[in-house]
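So the structure is just underneath, and the comments pick up after that.
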Amino acid sequence: MGFLSQFQTCFWTIILFLFMVLNCHVNGAALVLPKNVTVTAVFVFGDSIVDPGNNNNLPTIAKGNFLPYGRDFKDGPTGRFSNGRVPSDLIAEEFGVKGLIPAYLDPKTQLQDLLTGVSFASGAAGYDPLTAKTANVIPMSGQLELFKECIKKIKGAVGEERAATIISKAIYVVCTGSNDISDTYFSTPFRRPHYDINGYAEFNARYANQFLQDLYGLGARRIGLLGLPPIGCVPSQRTIGGGKNRDCYEAENQLAIVYNAKLSGVIDSLKAVYTLPDTKFIFLDIYYPLLSLIQNPAKYGFEVATKGCCGTGLLEASVFCNPTSIPLSCPDASKYVFWDGYHPSEKAYKILVPIIINTHVNEFF
């Protein structure tokens, strides 16, 4: 091979390499997936942590489609319960699918969006059916019904065969449970007289188990179940149950720990039953990664971990974090672990999601 031919080969190799690097950067693909692995879509179920706006048109106070929510998001307020993107968006980006997961119920969501994934999550939902009923939002069973409707639309658009590939090669994310603790068990009189902490965790684990089996029955094969955070350490729960020093509400954290153990046990039992090579159930721990941010904020570049950025930062969330909160809100949410009294900031999510996904990525395939 002559010098000119060698030069041309080298030149085009470099150009191809740069194109691949730039393409990965543009598409936000942060993970290196195993060889011959395809991720077609990301479908999401759960509560406000992964709800991009499904509650916007529901008669509920669990909404975030107004300022200052979305103040750092390119499209402004969308219904995401944060200042910017939320975990569903970042997870889809990590897997190289797309940078934003739209709400299934958003009128702007197109048929084309369904092919690469949407979120059915509804802020204030939980595994306990009473949690969603009290808040007047979409229960987990209702989210499954929306997914069934979505599957029909996908089949109508691309046919049975391609639809089956999209469904089976997608990543499924399930993220809920915190509201069962903060909004139902400790805030209403309906469950505590009948269940101790262990009993209530077991009660909800049965609902989680049924949900996951139903999801599998609809064709899901790569399912990641996010555990509960240290809910007693979020700003509003410190204010409610942490005493005059606003310490973490330890009773809520204890229930979260027991709840997580039960959910992890559900995953283990499903793994033992559904043993085909293409079936993956993964428990994704969020409790200790988030606790690390809360206990060591400076290590991660934060200045404040016990208050939210919105308003006073002590309680405000959902409709109570609203335009009247703006004058009191912090100027830079990236210095805060929490955006409001309940939800982490986009920066916190950007730290947590890669940690969690990278830890478990090979378990999905």
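These numbers come from the heavy atoms of this one structure, side chains and all, not from hydrogens, waters or symmetry mates.
At most 12 non-hydrogen atoms from other residues, nucleotides or ligands lie less than 6.0 angstrom from NZ of K133. The 12-atom threshold is exceeded at NZ of K280, counting heavy atoms of other residues, nucleotides or ligands nearer than 6.0 Å.
Under a cutoff of 6.0 Å and an axis angle of 45°, K347 and F302 form a cation-pi pair. Figure legend: R221 and Y216 shown as a cation-pi pair, the cationic atom lying under 6.0 angstrom from the six-membered ring centre and within 45 degrees of its axis.
Using a 4.5 Å heavy-atom cutoff, the side chains of K148 and L218 are in contact. Residues E202 and R206 meet the side-chain proximity criterion, which asks for heavy atoms closer than 4.5 Å. Counting heavy atoms from C-beta on, the side chains of E346 and K350 come closer than 4.5 Å. Annotation: side chain of D72 is not in contact with side chain of R85 (no heavy-atom distance under 4.5 Å). A 4.5 Å side-chain heavy-atom check between L228 and I286 finds every atom pair outside the cut-off. Residues L212 and V266 are in side-chain contact: their nearest non-hydrogen atoms beyond the backbone lie under 4.5 Å apart.
K169 and T38 are not linked by any side-chain donor-acceptor pair at a separation below 3.5 angstrom, with hydrogens and angles left out of the test. With no hydrogens or angles considered, a side-chain donor-acceptor pair links Q213 and Y274 at under 3.5 Å.
If you take CZ on R246 and OG1 on T239, they are separated by 3.5 Å, rounding to the nearest 0.5 Å.
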| said: Would Y207 and F203 count as a ring-ring contact (aromatic ring centres under 6.0 Å, His included) here? Give the steps. | reply: CA-CA 7 Å; Y207 278 103; F203 170 81; 5.3 Å; yes
| side-chain contact (heavy atoms from CB on, under 4.5 Å) between S82 and Y349, intermediate numbers included | CA-CA 10 Å; S82 189; Y349 288 142; 4.0 Å; yes
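Ring geometry for F43 against Y172 counts as parallel: the plane angle stays under 30°, on a 0 to 90° scale with 60° as the upper cut.
In terms of modelled atom types and a separation under 3.5 Å, the side chain of S122 and the main chain of I138 share a donor-acceptor contact. Side-chain N or O atoms of T109 include one that pairs as donor or acceptor with a backbone N or O of A103 at under 3.5 Å. Remark: the backbone N or O of P52 is not paired with any side-chain donor or acceptor of S119 at under 3.5 angstrom.
Residues in residues 104-135 take part in these ring-ring contact (aromatic ring centres under 6.0 Å, His included) pairs, two or more places apart or across chains: F45-F120, Y104-F120, F120-F147. For residues 235-271, the pairs satisfying ring-ring contact (aromatic ring centres under 6.0 Å, His included) are F186-Y249, with sequence neighbours left out.
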